[in-house]
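Taking it in order: structure first as structure tokens, then the write-up.
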2 protein chains.
Amino acid sequence: MHPDVSQKTVGRWSLYRRLLDALSRTEQRYILSSDLARRSGVTASQARRDLMHLEVAGGARGYEVQALLRAINAQLAPAEPQAVALIGVGNLGRALLSYFQGRRPTLQLVAAFDIDPHKIGRVIHGCRCYPLDELEAILEREAARIVILTLPGEAVATLGPRLIKAGIRAVLNFAPSHLDLPPSIHVEDVDITMSLEKAAFFAATQEQRS
Amino acid sequence: MHPDVSQKTVGRWSLYRRLLDALSRTEQRYILSSDLARRSGVTASQARRDLMHLEVAGGARGYEVQALLRAINAQLAPAEPQAVALIGVGNLGRALLSYFQGRRPTLQLVAAFDIDPHKIGRVIHGCRCYPLDELEAILEREAARIVILTLPGEAVATLGPRLIKAGIRAVLNFAPSHLDLPPSIHVEDVDITMSLEKAAFFAATQEQRS
DNA sequence: TCATGTGAAAGCCTTCACAGCG
DNA sequence: CGCTGTGAAGGCTTTCACATGA
């Protein structure tokens with residue numbers, strides 16, 4: 001694999017894949033960087049740079065859709081499916097369980113955790129809910145290396161050390177608190193309140209940037 | 001207002017505010033940039049740069065919590081409350097309605113929209129649901145300039161022109177499709193699938209970056 | 001003395017611009 | 001001829017490092 005791929009490029013691969021996936025169900029066999037770019041909201045240069053790392057040669061008709069798709073899948077989807085667990089089965093947690101169930105076969109939601117006794121033992125959107133106490137044991141049993149955090153902000157603070165001990169490799173954190181984890185664990189923060197406040201700020205500002 | 005504030009700085013103001021808000025309910029009257037930084041997951045230099053734009057003088061004991069809070073609020077929260085509408089009352093839409101209801105008094109969720117007749121007319125998490133047909137009329141009536149999009153990907157494509165006509169100033173887009181809007185409208189994309197796929201990629205990669 | 005405020009340097013990401021190839 | 005692939009330039013963001021002030 002190419003060693004120096006930036007986080008942003010990886011994110012855009014995911015965008016491109018969505019488009020290519022849709023294209024692959026049509027008659028269109030080739031796509032131009034300019035097309036891919038316009039439909040993804042990036043520039044053509046940037047799309048070409050991102051595709052460069054995939055080492056798929058384009059031609060005068062552009063890139064072959066199937067070839068790109070294969071190359072991006074090879075990067076984003078490892079050979080073995082990855083198990084994912086979700087911690088915090090509130091409104092947002094349930095919405096995400098439903099959203100992700102069966103969406104990407106290589107990412108399987110194998111367990112949910114909560115502290116609410118009413119939720120424990122239930123199967124929610126196809127995913128069994130366990131007590132948070134059993135986190136380490138069940139993550140180990142299911143070989144889950146990725147967790148989604150959808151807890152109230154205060155609750156994540158104590159979770160860091162447990163995630164480290166459980167051998168977690170990546171976290172998708174929806175809680176509005178900073179997780180202090182070693183750099184070997186990838187943390188992807190999704191801060192919805194911040195995003196809305198940014199939107200509100202720029203809505204109220206005359207001079208728009210970007 | 002300082003003219004050249006970057007989007008990233010605005011986002012971090014929102015982070016800092018959350019922390020300062022919590023601090024303001026404690027005895028602690030001053031905070032050091034290094035403290036603020038550590039607890040927000042940024043460097044001390046960066047925190048100081050971000051605070052620079054607020055023109056709040058710090059001293060040897062650091063910054064006064066209340067002064068910072070006032071300055072950030074002045075930036076992020078305009079004098080008048082801003083009305084927000086949400087389009088697409090599925091699982092994620094409902095979770096966000098519940099999440100945002102009453103959280104920030106200066107951001108008021110005034111209307112939800114859907115095409116499902118079963119949802120129209122109901123009040124969901126304190127927010128009335130209207131038919132999507134009436135979008136323009138109701139956005140105008142409620143003076144909503146910010147919309148949250150939580151629809152299936154395909155459905156947003158046709159929405160662009162309607163949002164422009166309705167005079168929308170900012171969009172928080174959870175749909176995995178590119179919105180083609182003029183640069184005068186701020187678009188904040190929150191792509192949950194992309195975030196999870198990034199997390200999965202870096203979970204599977206040996207060399208972690210960042 | 002110790003923390004801020006900030007020029008200057010470094011690093012990262014995007015865009016330009018064009019050689020080269022099908 | 002038009003599009004890709006990519007060095008080089010440009011722009012943005014972060015970090016360094018230190019003068020300044022309480």
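These figures come from a predicted structure and were not determined experimentally. Chain naming here is simple, since letters A, B, ... match the order of the sequence lines and numbering starts at 1 in each.
For A/R49 against C/dT15, a side-chain-to-base donor-acceptor contact under 3.5 Å is present.
Whole-Å rounding puts the B/Q7 CD to D/dG11 C1' distance at 15 Å. Taking atom CZ of residue B/R61 and atom P of nucleotide C/dG5, one finds them 14 Å apart after rounding to whole Å. If you measure from atom CG of A/D50 to atom C1' of C/dC12, you get 14 Å, rounded to the nearest angstrom. Between the CG atom of B/D4 and the C1' atom of D/dG11 there is a distance of 14 Å, rounded to whole Å. Between the NE2 atom of A/H53 and the P atom of C/dC12 there is a distance of 13 Å, rounded to whole Å. Atom CG in A/L51 sits about 9 Å away from atom P in D/dT4, given to the nearest Å. Here the C1' atom of nucleotide C/dC13 and the CE atom of A/M52 are 13 Å apart, to the nearest Å. Spacing between atom CD of B/E64 and atom P of C/dT4 amounts to 14 Å, rounded to whole angstrom units.
Proximity of A/R12 to the phosphate of C/dT14: a side-chain N or O atom is located under 4.0 Å from OP1 or OP2. Between D/dG5 and A/Y63, a contact under 4.0 Å exists linking OP1 or OP2 to a side-chain N or O.
Using a 3.5 Å distance cut-off with no hydrogens or angles, the side chains of A/H53 and A/E55 do not pair a donor with an acceptor.
Once rounded to the nearest 0.5 Å, the distance linking OG of B/S98 with CG of A/L92 reads 9.0 Å.
Here the side chain of B/K8 is nearest to one of D/dT14, D/dG5, C/dC13, namely D/dT14. Of the candidate nucleotides C/dT14, C/dG22, D/dT13, C/dG22 has the atom lying nearest to any side-chain atom of A/A60.
The side-chain contact (heavy atoms from CB on, under 4.5 Å) check on A/I31 picks up A/L20, A/L23, A/Q28, A/D35, A/L36, A/V65, A/L68, with sequence neighbours excluded. Under the side-chain hydrogen bond (donor to acceptor under 3.5 Å, both in side chains) criterion, B/D50 pairs with B/T9, B/R12, B/Y16, not counting sequence neighbours. Under the side-chain hydrogen bond (donor to acceptor under 3.5 Å, both in side chains) criterion, A/R17 pairs with A/N73, B/E197, sequence neighbours left out. The side-chain contact (heavy atoms from CB on, under 4.5 Å) test applied to A/D21 returns A/R25, A/L69, A/R104, not counting sequence neighbours. Under the side-chain contact (heavy atoms from CB on, under 4.5 Å) criterion, A/T158 pairs with no residue, sequence neighbours left out.
Proximity of residues 30-48 of chain A to DNA chain D (heavy atom under 4.0 angstrom from any strand atom) is restricted to A/L32, A/S33, A/R48.
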